[in-house]
Amino acid sequence: MVVRVQTEDFDVAREIALLRGSDARVGAVASFIGIVRDQNDAATVRTLTLEHYPGMTEKALVGIVDEARRRWSIIDAAVIHRVGKLAPTDQIVLVAVSSAHRGDAFAACEFIIDFLKTQAPFWKKEVTPDGERWVEARTSDDEAAARW
Amino acid sequence: MVVRVQTEDFDVAREIALLRGSDARVGAVASFIGIVRDQNDAATVRTLTLEHYPGMTEKALVGIVDEARRRWSIIDAAVIHRVGKLAPTDQIVLVAVSSAHRGDAFAACEFIIDFLKTQAPFWKKEVTPDGERWVEARTSDDEAAARW
Amino acid sequence: MVELIYLARLRDRFGLPGESVALPGDVADVGALLAWLRSRGGAWSSELAPGRAVRVAVNKDVARADTPVRTGDEVALFPPVTGG
Amino acid sequence: MVELIYLARLRDRFGLPGESVALPGDVADVGALLAWLRSRGGAWSSELAPGRAVRVAVNKDVARADTPVRTGDEVALFPPVTGG
């Protein structure tokens, strides 16, 4: 398992190659990339600053991946989340899951990002033409996590 | 939309970069990579040969992506499928979908691979220690496609 | 003439990738075409037996038993697909 | 002493990233801690008002109102998370 919080960007191809290693049992890799959009809640986003709670973040992410392992037959998973100052089109988060069969990889990948969005201690502050604002949590994210 | 059938391998990072372009509306990219496993139906797989029905394949794939566009709010999609002789750990297929919000990208990506598996004219022949065999269609794939 | 195309396992079993055929006047749809091919016996009879899963495309669109087959059409016969 | 940590919007509103506090003897769980902080008034009262969504972690695990708070604990207060 890889769980990382970093300011630097990540290379999706490299992370998927590391996730797969040389394991020939892997038949499926599902992945998700979250990206900074230039619009949020009807406002133009100029920059986004991500902060987290060091120490708790890694613990929360490992807990979410462990829960995914218990629920589905997956081979490995990687979660990489950036913090610091980002701009539209920047990558924020990568979740990648390997498994023998695709159903497990898709379900575990979507589960991990849904729980990351509602359980992992990250917060976004946006700079818009009207100034700075902390992003509000979304009901739709709570609903997405509650499905599982 | 990108729909491609090719013998060469594909570069996931490059394809996702092309899919995203410079479109700052993209907040989510969900992707799926199908990979040759070294085991299938309790036999060791040495090589796999993929054949298709040229002309119909592209038409079928475009039709599946169009249907995904009708059902979900996606920005773009790419489907790349290899044909010819492959070995365990080789990449077979990439499905990548971009959208503003993650639910659409995940659903469309899983829909496209489920329908590709049951509707697009590709066939696999495996070489195992006991000789060559055409892979049989799976009931589980029909069930996966029937969910939608 | 109608262009028949055999793919994957069917090509192996029939021993040919396809053929141009002149259909009898009463063979006007996919169901009748399959029955006519089946009457050749041997692999045609066994591979296209009613219980076997055979898929048909007419001019590269998925077809059913009642899909018409006309002169100039390309008709492909193949087993259930296994890509991805 | 208990180590309090304020994150994201709460750090901005309280104007500090955290503090070490000696809790009164009757403040033994998260609920009592929040009530005690609320009694400071001002931003403490408004940000931690019962209707507001405030999350608490004790020693980096998610906590509830009845989670015990003991000397030496690290207690973090933060708004609902918005990562990903």
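Each chain gets a letter, A, B and so on, in the order the sequences are listed, and its residues count up from 1.
- At least one side-chain heavy atom of A:Ile113 sits less than 4.5 Å from a side-chain heavy atom of A:Val93.
- A salt bridge links A:Asp76 to A:Arg69: one of the charged nitrogens lies within less than 4.0 Å of a carboxylate oxygen.
- Residues D:Leu37 and D:Leu4 have side chains in contact (heavy-atom distance under 4.5 Å, counting atoms from C-beta outward).
- Screening A:Val36, A:Val83, A:Ile80 against A:Ile92 for a side-chain contact (heavy atoms from CB on, under 4.5 Å) leaves a single residue, A:Val36.
- Among D:Ala53, D:Pro79, D:Ala57, the residue making the largest number of heavy-atom pairs under 4.5 Å with chain A is D:Pro79.
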Would you list the atom pairs in which one atom of chain A and one of chain D form a donor-acceptor pair under 3.5 Å?
| from | atom 1 | to | atom 2 | distance (Å) |
| --- | --- | --- | --- | --- |
| A:Glu51 | OE1 | D:Arg11 | NH1 | 3.0 |
| A:Glu51 | OE1 | D:Arg11 | NH2 | 2.6 |
| A:Glu51 | OE2 | D:Ala8 | N | 2.9 |
| A:Glu51 | OE2 | D:Arg11 | NH1 | 2.8 |
| A:Tyr53 | OH | D:Glu74 | OE2 | 2.4 |
| A:Lys59 | NZ | D:Asn59 | O | 3.4 |
| A:Lys59 | NZ | D:Asp61 | OD2 | 3.4 |
| A:His81 | NE2 | D:Gly84 | N | 2.9 |
| A:Phe122 | O | D:Thr82 | N | 2.8 |
| A:Phe122 | O | D:Gly83 | N | 3.4 |
| A:Trp123 | NE1 | D:Pro79 | O | 2.9 |
| A:Lys124 | N | D:Thr82 | OG1 | 2.9 |
| A:Lys124 | NZ | D:Thr82 | O | 3.2 |
| A:Lys124 | NZ | D:Gly84 | O | 2.8 |
| A:Lys125 | NZ | D:Asp12 | OD2 | 3.1 |
| A:Trp134 | NE1 | D:Asp12 | OD2 | 2.8 |

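- Within the 4.5 Å cutoff, no side-chain heavy atoms of A:Leu19 are placed close to those of A:Val2.
- Residues A:Thr44 and A:Thr128 fail the side-chain proximity criterion, which asks for heavy atoms closer than 4.5 Å.
- No side-chain donor-acceptor contact under 3.5 Å links A:Arg20 to the backbone of A:Val29.
- The candidate from D:Ala76, D:Ala8, D:Pro80 with the greatest count of non-hydrogen atom pairs under 4.5 Å with chain A is D:Ala8.
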